[in-house]
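Quick note: numbers below take in every heavy atom, side chains included, and nothing from hydrogens, waters or symmetry partners. Here is how names work: the chains are called A, B, and so on, in the same order as the sequence lines, proteins then strands, and each is numbered from 1.
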Number of protein chains: 2
Amino acid sequence: MNSLNLAIVEDDPEVRWLLSDYLRRQPGLNVVLVSESAEDFLAELPDGLSPHVVLLDIGLPGLSGLDALPLIKQRLPQADVIVQTMFEDADRIYLALSRGASGYLLKSTPLGQLPQAIREVAGGGSSLSPVVARRVLAHFKPSPQPHAAALSPREQQVFEALIDGLADKEVAQRLGLGLETVRTHVKNVYHKLHVSGRIELLSRAARGQL
Amino acid sequence: MNSLNLAIVEDDPEVRWLLSDYLRRQPGLNVVLVSESAEDFLAELPDGLSPHVVLLDIGLPGLSGLDALPLIKQRLPQADVIVQTMFEDADRIYLALSRGASGYLLKSTPLGQLPQAIREVAGGGSSLSPVVARRVLAHFKPSPQPHAAALSPREQQVFEALIDGLADKEVAQRLGLGLETVRTHVKNVYHKLHVSGRIELLSRAARGQL
DNA sequence: AACTCCATCCCCCAAATGGGGGAGGGGCGC
DNA sequence: GCGCCCCTCCCCCATTTGGGGGATGGAGTT
């Protein structure tokens, strides 16, 4: 079980050779399949063979790595896929992660860090290049509402209750207020946030636009 | 500019000593401030001094690292904060990241990896322990709705329109249907997804619970 | 043929919602 | 003192929403 089965999908012959050659030398790593395209990979994959980790290039001709990801995860649900690419744009990163990638390494990653990244991923972790990680974290922050500042303390509380999906009546209970009071606050929140009602409010919140 | 100013906030005396001692020895790293609490850190911080990176423990007595994060980012907007902790629960990770942490390292991280992580962060990247990274990535995936499968094609369309915040009438227009038809589909969607109305639906969608 | 699911549309009704309005009291700043 | 904002509560009214019922026709299964 110490032997980690690894598959490599990479179109550039030189890179492919470098990668497979280097990784083959690593103790505990077992390169079981090397393909030059996602189509080839899926076709060549023997039924019995299930790599623990797949190193997947994104800039593939034909079926792109991004499009191949769901197919690979379907064929090998328990395998972890590390996406390797020179692209570091938020869209591609987001796509790769939402399609089940367990790692996202830039091609600029030193070869020497690959074995560790592969072991981390196989061990239930994830490996992200620093630049990529920063992009990912950026998706978590944007909370600071420029609007929220305009909301009075009470309105802020009411706002949060609305986000929680409460009805006016329930908000009144939670905050110990009269129904009519809550209705007043709610209307004020709508005005200050420039929304027409709780549905628009929630649908924007769902998109992180608030 | 090659010298990286580093501040350390850590309550455990032994760990504090180990960290500061080890990091002080690293070439290019300059430990400029070591505090045993967030309060001390904010108080001791000279006005002219702006560390590039702050190593922040989360399990602090008094003001927790999590609560201190926003204050630190306020005082030092350009500084990158690396959170260091033994906690790996999703809540704390999420909180730390949404409050502006640029890195999240577990206490189990080998000392030897710290300098690299610090340099990566200072260089505009982010550093996450593998386990943490996996947790973070999990937040990106969950799209595949187990429910969605149960929705008929029309219902799926209606569902998406609801997420977009449309009213019944607007859904009818978008899909070229009669209002009553839409109302029927909407009700069916509610039943199949076990929600009581669009507010619960949207508020769950906002939390990624759908 | 009988059954089930889907899509389309219709009706009724009670509750919740949004958009207006107003009013009294408290606090803060000028 | 006067104005302004916040908090509290009240009323009216048109629309929307949820929940319940039912009807028709088509497609697919058994």
Atom pair CD (Gln84(B)) and CG (Leu105(B)), whose distance is rounded to the nearest 0.5 Å: 6.0 Å
Looking at dC7(D), I'd like to know if its phosphate oxygens (OP1 or OP2) sit under 4.0 Å from a side-chain N or O belonging to Ser152(A). yes
Roughly, in whole Å, what's the span from NZ in Lys192(B) to C1' in dA7(C)? 11 Å
What is the distance, rounded to the nearest whole Å, between atom CD of Gln156(B) and atom P of dA7(C)? 11 Å
d(CD, Gln157(A); C1', dC6(D)) in whole Å: 13 Å
Interatomic distance, CZ@Arg154(B) vs CG@Asn188(B), rounded to 0.5 Å, equals 13.5 Å
Distance-only polar pair, side chains of Asp80(A) and Ser102(A), donor-acceptor under 3.5 Å: yes
How close or far is atom C1' of dT8(C) from atom CD of Glu155(B), stated in whole angstroms? 13 Å
Carboxylate-amine/guanidinium contact Asp164(B) Arg204(A), below 4.0 Å: no
Between the main-chain N or O of Tyr94(B) and the side-chain N or O of Arg135(B), is there a donor-acceptor pair closer than 3.5 Å? no
Return a single string for nucleotides 15-27 of chain D, one symbol per nucleotide in 5' to 3' order, where B is base contact, S is sugar-phosphate-only contact and - is none, cutoff 4.0 angstrom on heavy atoms. -SBBBB-------
Is the phosphate of dT8(C) approached by Thr181(B) (side-chain N or O, under 4.0 Å from OP1 or OP2)? no
Exam field: side chain Ser129(B) to backbone Val132(B), donor-acceptor pair closer than 3.5 Å: no
Estimate the overall bend of the helix from dA1(C)-dT30(D) to dC30(C)-dG1(D) from the end axes over five pairs each, rounded to 10 degrees. 40°
Donor-acceptor pair between Glu155(A) and Ser152(A) side chains, under 3.5 angstrom: yes
Distance, rounded to the nearest Å, where Asn188(A) contributes CG and dT8(D) contributes P: 12 Å
Once rounded to the nearest 0.5 Å, what's the spacing between atom CG of Leu29(B) and atom OG of Ser3(B)? 8.0 Å
Testing Asp89(A), Val83(A), Asp91(A) for side chain to side chain contact (heavy atoms under 4.5 Å, CB included) with Phe87(A), which one passes? Asp89(A)
Whole-Å gap separating C1' (dT8(C)) and CZ (Arg154(B)): 9 Å
